[in-house]
Amino acid sequence: MLRKITLSIAILAGMASLADAQVYIDRFGNACNENEADVPEYTLPDPLAKKCGRKITTVKAWEKKRPSVLGIFEDEMYGHAPGRPEGLHFELACPDELIYDGKVLRRSVRICIDDNPEHSFVALIHLPADASAEHPVPMFEGINLFEDALTPGSPHSYRWPVEYICGEGFGLATVFHSSIEKDVDFTKVAGGVRDWYGPEYDWGAIAAWAWGLSRVLDYLETCPEIDATRVAVIGHSRGGKTALWAGATDSRFAMVCSNCSGCCGAAISRRVFGENFKSISQVFPYWFTPNFYKYADNENAFPADQHWLAALIAPRPLYIGSAIEDLWADPRGEWLTAVNAGPVYELYGKQGVSGREPELDVPDAEGTVAYRVRTGIHSLLTSDWYDYMDFAKKHLK
Ligand code: GCU
């Protein structure tokens, strides 16, 4: 691997000024800058700017503009997804079971898109065993990138600490992303939702996964023991990009947590730091609408930046989490998204992040937008959940 990592000792200052030249060469030979000093000068487009040059100052004016902002990301990045399918229905995939000494109820639900049994995927629901119609529980929901991650004892189970989440009074709904849409080019491997719908839609896999999360939420809305008005959508890495897009497209998600989501997730694209448009559109072309490829090497031509995506989540609570060694996902760029989404939250009378330079391992979470950069590498750790849980308890309980 050609990645040359230099860990900054003065880590926080390091977010602003990593001195050593760092470049990562991806497998297509694209050089990706990981040196803060080499971030190009750029001007961030203002989500509150009107065409006439004046500034949006009211919620009403922002909400008038909002569909066109969503449209930019649909047209130019993630693609357009269908709505709720008419034939949508749900079946128990197997009988409910109690696990973790009877403290957690586990349910497998088949989300059926129509009457073709192959057009379906399974969501795994974990609930505190005492969840009831009298005491419906709030939930976390997200795509799961490892099929075995919800199996107790599996090497990936630390990502979804079910016992802890349910012990805090929350439920957890997950779906293996590849059961909605394969995480490979669907022109080479068929059998996912984009194949079922055919070429009429230009959606990439991220949009397909986000669409799947909305269908799981459709199911949660049918459960009296679940409070579907208090569902936080969460995800790591490509799952974090998906969580942001799900939160932007489906305002039923009451909160969004993006963990190490990086390029085309929470990171400001114009910084061209870590993964960039050229690299992501060559290595993962099937994540996006084909229209996106024209921005390779041309981040400045994109009519928005990722703080506009974050702004689409306003006024709902948003937590952006980074890891200091995860330069590929551009922790500083993720923080700048949190900062620059703030003015849209302020229109609603909500507070964004404080604007203080991030302090390692210290959440900036007093506002409705939160940011935290933690020690360590690209991962979703149980300790990350502690911060997301604190935030969820504050905003969803
Ligand atoms: C790759 C990809 C990232 C993505 C990550 C992941 O590193 O370049 O964009 O976030 O995989 O999903 O793990």
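We count ligands from 1, going down the list as the structure has it; atoms in each ligand are counted the same way. Starting from 1, each residue takes its place in the sequence as its number. Computed from heavy atoms alone, side chains included, the values below leave out hydrogens, waters and symmetry copies.
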| said: Would Lys241 count as a contact residue for ligand 1, given that I'm defining contact as a non-hydrogen atom of the residue lying under 4.0 Å from a ligand atom? | reply: yes
| Trp328 neighbourhood, listing ligand 1 atoms whose heavy-atom distance to it stays under 4.0 Å | 2 (C), 7 (O), 8 (O)
| task | Give the numbers and elements of all ligand 1 atoms closer than 4.0 Å to a heavy atom of Phe284. | result | 1 (C), 2 (C), 8 (O)
| field | Axial cation check for Trp211 ring with Arg215, 6.0 Å and 45° limits | value | yes
| said: If only side-chain N and O atoms count, and only distance matters, is there a donor-acceptor pair under 3.5 Å linking Asp384 with His236? | reply: no
| query | Can you check whether Trp203 and Tyr78 have ring centres sitting under 6.0 Å from each other? | reply | no
| query | Hey, does Trp287 sit under 4.0 Å from ligand 1 if you only count heavy atoms? | reply | yes
| note | the protein heavy atom lying closest to atom 3 (C) of ligand 1 turns out to be Glu275 OE1, 3.2 Å
| message | Using ring centroids (six-membered ring only for Trp), state whether Phe121 and Phe176 fall under 6.0 Å. | response | no
| request: List the closest protein heavy-atom neighbour of atom 11 (O) of ligand 1: residue, atom name, distance to the nearest 0.1 Å. | output: Arg238 NH2, 3.0 Å
| query | Counting each atom of ligand 1 from 1 as listed, which ones have a heavy atom of Ser237 under 4.0 Å away? | reply | 4 (C), 5 (C), 6 (C), 10 (O), 12 (O), 13 (O)
| query | Atoms of ligand 1 less than 4.0 Å from His378 heavy atoms? | reply | 13 (O)
| Does a donor on one side chain sit under 3.5 Å from an acceptor on the other, for Asp227 and Thr229? | yes
| message | Assigning hydrophobic clusters by single linkage (Ile, Leu, Val, Met, Phe, Trp, Tyr; side-chain heavy-atom cutoff under 4.5 Å), is Ile206 placed with Phe284? | response | yes
